[in-house]
> 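There's a structure below that I have some questions on.
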Amino acid sequence: MTLAELRKLYGHTWTIAEGAGGGWYAVRRANMSAYGLEHGLSNVRCGTTLLELARRLDAETQLEDQPWRRVPLRTAP
């Protein structure tokens, strides 16, 4: 996996860069909602290699694609 390939796949949603101390990170271009964060989504993903980061971004995409059900609002008794 190259940086160009990773950016082609995920660059529309994530800003991808090399970490100052090594490794790679991706930051969402638009912050995830609190509801999304409660369901395990993240605003930042990291990897020691581009391949590891690609796997994590793929997992994030799969989680985003899952149907979520909102808890129904409580009605007053």
> Say whether, by atom type as modelled, one donor and one acceptor occur between the side chain of Asn43 and the main chain of Met32 under 3.5 angstrom.
yes
> Hey, quick one: are Leu57 and Leu63 part of the same hydrophobic cluster, counting side-chain heavy atoms closer than 4.5 Å, chains of contacts allowed?
no
> If you look at every heavy atom in Cys46 and Tyr25, which pair is closest and at what distance?
SG-CB, 4.1 Å
> Which value, rounded to the nearest 0.5 Å, describes the distance between Met1 atom CE and Leu9 atom CG?
5.5 Å
> Following the transitive rule for hydrophobic clusters with a side-chain heavy-atom cut-off under 4.5 Å over Ile, Leu, Val, Met, Phe, Trp and Tyr, establish whether Leu53 and Leu3 coincide in one cluster.
yes
> According to side-chain contact (heavy atoms from CB on, under 4.5 Å), who are the partners of Asp58, at least two apart in sequence or on a separate chain?
Tyr10, Gln62
> Applying side chain to side chain donor-acceptor pair (under 3.5 Å), name anything that partners Glu52, two or more places apart in sequence or on another chain.
Thr48, Arg56
> In this structure, would Leu50 and Trp14 fall into the same cluster of hydrophobic residues linked by side-chain contacts under 4.5 Å?
yes
> State, to 0.1 Å, how close Ala26 and Ile16 come at their nearest heavy-atom pair, and which atoms those are.
CB-CG1, 4.0 Å
> Checking Thr15 now: which residues fulfil side-chain contact (heavy atoms from CB on, under 4.5 Å) with it, not counting sequence neighbours?
Arg29
> Salt-bridged, Arg28 to Glu60, with N to O below 4.0 Å?
yes
> Test your reading of the model: is there a side-chain donor-acceptor pair from Ser42 to the backbone of Arg45, 3.5 Å cut-off?
no
> Is there a side-chain contact between Asp65 and Thr61 in this structure, where contact means two heavy atoms from C-beta onward sitting under 4.5 Å apart?
yes
> Listing request: all salt bridge (charged side-chain N to carboxylate O under 4.0 Å, His left out) pairs with a residue in residues 2-18, at least two apart in sequence or in separate chains.
none
